[in-house]
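Worksheet for the structure shown next.
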Protein chains: 2
Amino acid sequence: MVTLEDVAALAGVSRATVSRVVNGDNNVRPLTRNKVAQAIAELSYTPNPAARALASKHSNTLGLVTTSYRGGFFGALMDFVQTEAESHGKQLLVTQGRNSAENELLAIQRLFSLRCDGVILHVRSLSDDQLRQLATEQRRFVLLDRLVPGLEDRCVTFDHIRASQMATQQLINAGHQRIACISGPAQRASSQLRLQGFLAAMQAANLQPVGCLEGVYDLESGYQCADQLLRHEILPSAIYCCNEEMAIGALLAIKEHHLRVPQDIALICYDSGERAPFVRPALTSVHFPITEMAQYATRLLINPLTPVEQFEPEIIHRDSITVAGGN
Amino acid sequence: MVTLEDVAALAGVSRATVSRVVNGDNNVRPLTRNKVAQAIAELSYTPNPAARALASKHSNTLGLVTTSYRGGFFGALMDFVQTEAESHGKQLLVTQGRNSAENELLAIQRLFSLRCDGVILHVRSLSDDQLRQLATEQRRFVLLDRLVPGLEDRCVTFDHIRASQMATQQLINAGHQRIACISGPAQRASSQLRLQGFLAAMQAANLQPVGCLEGVYDLESGYQCADQLLRHEILPSAIYCCNEEMAIGALLAIKEHHLRVPQDIALICYDSGERAPFVRPALTSVHFPITEMAQYATRLLINPLTPVEQFEPEIIHRDSITVAGGN
DNA sequence: CTGAAAGCGCTAACAC
DNA sequence: GTGTTAGCGCTTTCAG
């Protein structure tokens with residue numbers, strides 16, 4: 001392992017000077033700088049981050065803890081955070097919290113003690129209190145897709161209820177009366193909000209859901225729920241799926257039942273941009289701009305003065321609802 | 001930030017002793033150990049990894065650099081590596097190499113300079129030479145799904161050619177003569193091997209492919225290729241898809257054409273266990289045991305004496321090929 | 001079993 | 001501009 005010291009020796013300067021050129025400090029004579037640069041090259045020296053972190057208390061890296069590594073949603077999330085971090089010259093380290101508060105906390109602690117300059121949290125198990133506690137310990141972090149009272153200025157949020165209402169409303173507007181919903185796991189906050197939005201829209205239109213089944217946000221549960229819905233005594237004319245993956249499952253089930261989308265069954269889903277545009281028919285959706293949010297969270301972390309931005313749901317019209325529609 | 005020193009002061013012992021109990025050294029009197037433990041709890045002390053890494057030259061963490069964060073394949077990969085790492089009491093840090101040698105190298109360097117005890121590499125852009133060079137620098141790493149001559153003992157590999165042959169052979173055995181293939185991006189090594197296997201099996205059976213289209217391993221390209229194949233003057237009776245994602249796309253296209261699987265079109269695909277089992281019909285596949293390989297690579301990294309294991313392709317019979325078969 | 005002491009490789013005042 | 005000098009928080013001999 002070649003160290004600062006070695007470089008200094010070879011260049012015939014002090015360690016401080018080497019440190020200066022490595023860190024881009026301007027107070028170095030070009031000539032000296034060159035000597036040092038050459039020595040660095042010759043020795044192919046790379047600074048030791050651990051030593052650096054220890055001495056300076058920062059590391060030029062950002063941390064990300066996600067709920068999971070699995071699924072297109074998280075892939076996109078990680079990808080965008082990394083891209084944004086790199087555009088600010090920071091490296092990204094990601095780790096998965098899994099679905100336990102203990103694990104999430106462990107992951108966070110590790111990231112912090114690695115002296116990450118900041119951490120982006122997409123966590124579901126840690127309680128609001130724990131998060132506020134964390135904020136107390138003067139740690140720098142932002143929360144992605146989560147609203148914690150008292151921590152509003154570090155929360156990047158999205159109005160899931162409204163998004164869900166809008167999606168449902170599309171179906172209603174298209175004239176559908178027999179509407180079903182495939183929601184996410186009931187214990188998750190975001191699932192609850194989406195379901196709530198659906199129910200609210202239905203109630204406002206004075207409609208009873210034909211069915212309301214709970215999936216687990218994956219292909220199979222989407223298939224199963226849709227299949228069950230399609231065997232129901234009252235056949236729904238439209239289905240709202242609370243994520244893309246389940247919508248693909250539903251689509252498969254619908255085709256299996258020899259029904260057509262959108263002629264026989266209309267479909268709308270939550271969409272984080274991974275799949276809904278790419279299946280046939282392309283799925284009409286409410287866009288959940290997780291990638292933009294991830295990007296924004298990263299910026300917010302780097303520069304806390306970033307102006308607040310509201311992320312609004314938006315309907316993307318594709319081909320899974322007939323415009324004249326309904327029955 | 002509470003340090004070793006604080007704990008030592010509170011417990012009335014030396015820093016060395018605290019270090020011992022923190023690190024589970026046995027040479028500490030139970031009484032002393034208790035005092036220290038209590039002080040640690042009271043101060044809720046957590047060691048500083050940077051300092052630890054600097055002093056000890058290791059960090060109890062493993063690194064993983066993947067080609068990408070996206071897609072079920074990588075999600076599963078990351079997930080399994082993390083699980084295995086944690087079962088050995090190690091934390092995992094993952095970062096994405098993207099598709100550039102420069103980025104891959106950067107990611108690797110960062111991980112190493114963080115003093116990761118070892119790094120698992122799923123890299124595609126770095127050349128064999130660069131990898132051998134890296135090995136020279138006494139760094140500890142293993143290669144996942146890649147064979148680099150000279151580095152065999154750190155390579156966890158899979159016989160893609162054979163797997164592909166076996167998959168194709170299933171179709172042939174079922175009596176199919178009009179077989180098409182949807183392969184992956186031509187520039188990737190693994191795609192090439194899979195295509196090669198397909199071609200070899202066809203040739204051995206004295207069969208001409210009805211079509212052989214190149215996708216990019218995603219849903220949409222699977223759909224597009226299949227769609228194109230189904231408009232071909234000679235309709236294939238069977239399609240082999242080189243990954244799961246494209247197979248789902250193909251399935252969607254087939255249903256769109258009002259054809260049935262397996263009665264009208266047989267389907268077989270590469271399968272890393274993410275989706276093939278969960279669609280309807282469940283897809284018959286060659287299993288690519290990436291999760292087992294990831295697990296094994298992690299073990300190999302931790303304990304280089306782990307006995308070598310061959311990962312063999314295996315056909316999983318599900319419902320997308322008719323047994324009596326034919327066309 | 002426990003403590004003292006010497007670093008790990010680097011940064012950050014502070015002199016010169 | 002550049003060198004000197006303290007540490008950053010921890011591990012690790014080496015005594016005792």
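Chain identifiers are assigned alphabetically (A, B, ...) following the order of the sequence lines, protein sequences preceding nucleic acid strands; residue numbering begins at 1 within each chain. All values below were derived from every heavy atom in this structure, side-chain atoms included, with hydrogens, water molecules and symmetry-related copies excluded.
- Checking A:Thr3 against A:Arg15 by side-chain atom types alone, no donor-acceptor pair falls below 3.5 Å.
- Note that CD of B:Glu84 and CG of B:Leu62 are 10.0 Å apart. Values are rounded to the nearest 0.5 Å.
- Counting to the nearest Å, the P atom of C:dC10 and the CG atom of A:Asn60 are 16 Å from each other.
- By the 4.5 Å heavy-atom criterion applied to side chains, B:Val81 and B:Leu77 are counted as neighbours.
- One can place CZ of B:Arg52 at 18 Å from C1' of C:dG7, the figure rounded to the nearest angstrom.
- At the heavy-atom level, B:Ser56 lies under 4.0 Å from the strands shown only through sugar-phosphate atoms.
- A search for side-chain contact (heavy atoms from CB on, under 4.5 Å) contacts involving A:Thr291 returns A:Ala76, A:Phe80, not counting sequence neighbours.
- A sub-4.0 Å separation between OP1 or OP2 of D:dC10 and a side-chain N or O of B:Lys57 is absent.
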Give every pair of a protein N or O atom and an N or O atom of nucleotides 2-4 of chain C that lie under 3.5 Å apart, one pair per line with the distance.
from, atom 1, to, atom 2, distance (Å)
C:dT2, OP1, B:Arg29, NE, 3.3
C:dT2, OP1, B:Arg29, NH2, 3.2
C:dT2, OP1, B:Thr32, OG1, 2.2
C:dT2, OP2, B:Arg29, N, 2.7
C:dT2, OP2, B:Thr32, OG1, 3.3
C:dG3, OP2, B:Ser14, N, 3.0
C:dG3, OP2, B:Ser14, OG, 3.2
C:dG3, OP2, B:Thr17, OG1, 2.6
C:dG3, N7, B:Arg20, NH1, 3.4
C:dG3, O6, B:Arg20, NH2, 2.4

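- For A:Arg70 (side chain) and B:Met78 (main-chain N/O), no donor-acceptor pair under 3.5 Å exists by modelled atom type.
- Classification of the A:Phe158-A:Phe288 ring pair by plane angle, with boundaries at 30° and 60°, yields tilted.
- Between the CD atom of A:Glu5 and the C1' atom of D:dT4 there is a distance of 13 Å, given to the nearest Å.
- Using a 4.0 Å cut-off between charged nitrogen and carboxylate oxygen, B:Arg33 and B:Asp25 do not count as a salt-bridge pair.
- In this structure, OH of B:Tyr45 is placed 10 Å from P of D:dG9, rounded to the nearest angstrom.
- Distance CE (A:Met1) to P (C:dG9): 8 Å, rounded to an integer number of Å.
- Rounded to whole Å, the distance from CG on B:Asn48 to C1' on C:dC8 is 13 Å.
- One interatomic measurement links the two molecules: CG of B:Asp25 to P of C:dC1, which rounds to 10 Å at whole-angstrom precision.
- Atom-to-atom, CG of B:Leu4 to C1' of C:dC8 comes out at 15 Å; the value is rounded to the nearest Å.
- For B:Leu54, the listed nucleotide lying nearest its side chain is C:dG9; candidates were C:dG9, D:dT12, D:dC10.
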